[in-house]
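A short write-up of the structure that comes next.
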Amino acid sequence: MARYIFVTGGVVSSLGKGLSSASLAYLLKSQGYKVRIRKMDPYLNVDPGTMSPFQHGEVFVTDDGAETDLDLGHYERFTNISSKKSDNITTGRIYSDVIKKERQGGYLGKTVQVIPHITDRIKEFIKKDITNEDFVICEIGGTVGDIESLPFVEAIRQFANEQGKSKTLFIHLTFVPFLKSSDEIKTKPTQHSVKELRSIGIQPDIIICRSQQSIPLDQKKKISLFCNVPIDNVIETVDVRTIYEAPISFYNQKLDKQVLKYFKIKSRKKPDLTPWKKITNITLNTKKSIDIAIIGKYVNLKDAYKSLDEALIHGGIANKVKVNLIRIESDKLKTNQIKDKLKNISGLLIPGGFGKRGTEGKIYAIKFARENKIPFLGICFGMQMATIEFARNELKIKKAGSSELDKNCFPVIGLIDEWNKNGKIIKGTDKKLGGTMRLGLYEARLRNNSAIKKIYKSSSINERHRHRYEVNNNLKNEFERKGLIFSGMSPDKNLPEIIELRNHPWFIGVQFHPEFKSRPLAPHPLFSSFIKAAKNHK
Ligand code: GLN
């Protein structure tokens with residue numbers, strides 16, 4: 001039967017609960033255990049799909065098409081375990097399930113309440129879809145003490161009470177600040193945070209202390225005494241030089257060892273840390289660097305393109321080159337500045353996006369990369385913009401556009417039923433705009449003798465999607481005659497999945513999001529190839 005590890009956070013947010021959970025998962029998986037990681041988010045949105053990246057960072061998409069919290073991206077990258085829809089739950093989802101059941105008469109005669117109905121539903125989620133896993137790591141979003149997370153904390157308290165201590169473990173992550181003025185490490189915030197947690201019924205079994213410097217034994221003893229955990233279970237996590245060092249650091253601090261000891265399980269074998277050591281080494285010691293420009297709407301927000309930033313870095317690791325990301329905000333980009341901004345870069349990337357703002361700048365930048373033979377990768381919206389640029393400037397369709405942005409354009413990009421009915425372009429309707437995105441894994445068949453087939457070394461690929469609009473397939477021959485090849489298509493040959501330019505060193509657009517499947521220990525071939533081309537360009 002599975003053992004459940006609950007991870008809460010205290011003192012401040014952004015301490016790296018996701019990274020700690022993911023590192024622990026790696027260490028356990030690497031010892032031969034079957035692990036699953038899930039996230040409980042205390043906000044009222046049913047999923048983060050409708051949230052702005054300004055608010056919440058990237059929306060991470062799973063194979064089975066769930067729009068989830070970006071922490072699931074960390075989990076996947078560190079463990080190589082594909083997350084599922086059932087691995088992310090929000091307060092909104094829980095409440096909407098309970099209210100739906102109430103409307104259907106599922107609680108007939110009863111008053112529906114947070115305890116037990118909401119907490120029961122949370123407990124169902126914790127156990128859902130678990131078969132032969134050895135460990136299930138559940139991270140609770142937010143910080144202990146928040147009103148929002150209370151039902152989750154209450155649910156895990158009940159869960160542990162029902163399953164017993166031998167099947168459940170509580171890890172609490174806190175912050176241990178260093179005060180420069182007094183040259184001291186302070187344990188009080190940790191003590192308070194644990195007090196807060198205990199006041200709502202949870203005694204942590206392991207405390208992970210995030211700190212800028214190593215915590216002396218005396219201070220650890222203090223935390224152990226005041227927080228009521230064995231000294232060996234006070235684990236420090238000092239800021240690492242690169243996130244790839246995190247699994248190594250947690251291993252050195254014996255996090256996995258203490259977890260196994262708690263459950264009275266013998267370690268099967270030593271976790272394999274060689275790959276992490278190797279990429280840490282490359283990351284810290286690579287001297288040569290290249291500049292990749294990313295033009296997007298949310299570039300200044302740290303986590304808005306998290307998986308993309310990571311995938312580019314993975315591509316750099318594969319090519320032993322440091323990738324500097326030059327983030328250019330599309331809103332403020334004037335066409336007359338583009339030449340200046342792009343003339344010295346090694347590659348251009350236009351990421352996914354929604355809405356009209358800043359699109360003309362992106363289109364102009366793509367033209368510049370196409371004409372100046374600068375390696376270009378267009379992802380989702382980026383591919384759509386590349387198609388529009390080519391249609392306008394090479395096919396001379398001046399009104400070429402996307403019906404997402406301009407209802408009166410010539411829809412080179414459109415809702416599928418706008419242009420594909422009986423092979424004719426017909427006018428679209430607005431009624432399909434809600435909840436109609438193509439989400440999750442879809443197959444693409446790759447054309448022989450194409451650049452993309454050489455990159456993937458396969459004629460069929462499966463990649464994750466998140467978009468509503470598609471490239472108009474009716475113009476395929478016109479595009480191809482001018483050198484823009486539709487080199488990847490959906491199996492029914494209706495939906496262009498990949499475009500590539502002949503007579504250009506590296507110009508590829510993909511309708512899907514390859515970044516979601518890139519891993520530090522297994523960089524995605526598309527990013528490795530893009531960075532290789534960029535390295536050669538300079
Ligand atoms: N806005 C575009 C669409 O819905 C592209 C989406 C994206 O880049 N993820 O098709």
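Whatever order the structure lists ligands and atoms in, that order sets their numbers, starting from 1.
Nearest residue to atom 5 (C) of ligand 1 from G352, G378, G353 is G353 (criterion: closest heavy atom). When the heavy-atom distances from atom 9 (N) of ligand 1 to R466, R468, E470 are ranked, the shortest goes to R466.
In this structure, the side chains of D87 and L72 come closer than 4.5 Å at one or more pairs of heavy atoms. F135 is not listed as a side-chain neighbour of Y4, based on a closest heavy-atom distance of 4.5 Å or more. Put simply, the side chain of K128 does not reach to within 4.5 Å of the side chain of E124, judged on heavy atoms.
Salt bridge status for K39 with D69: present, with a side-chain N to carboxylate O gap under 4.0 Å.
For ligand 1, the atoms sitting less than 4.0 Å from at least one non-hydrogen atom of Y469 are 3 (C), 4 (O), 10 (O), numbered in the order shown with element in parentheses. Each of the following atoms of ligand 1 lies closer than 4.0 Å to a heavy atom of H513: 9 (N). Annotation for ligand 1: atoms under 4.0 Å from non-hydrogen atoms of E404 are 1 (N), 2 (C), 3 (C).
Here the protein heavy atom with the shortest distance to atom 7 (C) of ligand 1 is C380 SG, 3.0 Å.
Exactly one residue among K29, R36, R38 makes a salt bridge (Lys or Arg N to Asp or Glu O under 4.0 Å) with E133. That residue is R36.
Between W276 and F78, the angle of the ring planes stays under 30°, which puts this pair in the parallel group of the 30/60° scheme.
On a distance-only criterion, F381 and ligand 1 share at least one N/O pair closer than 3.5 Å. Note: an N/O pair closer than 3.5 Å links Q384 and ligand 1 by distance alone.
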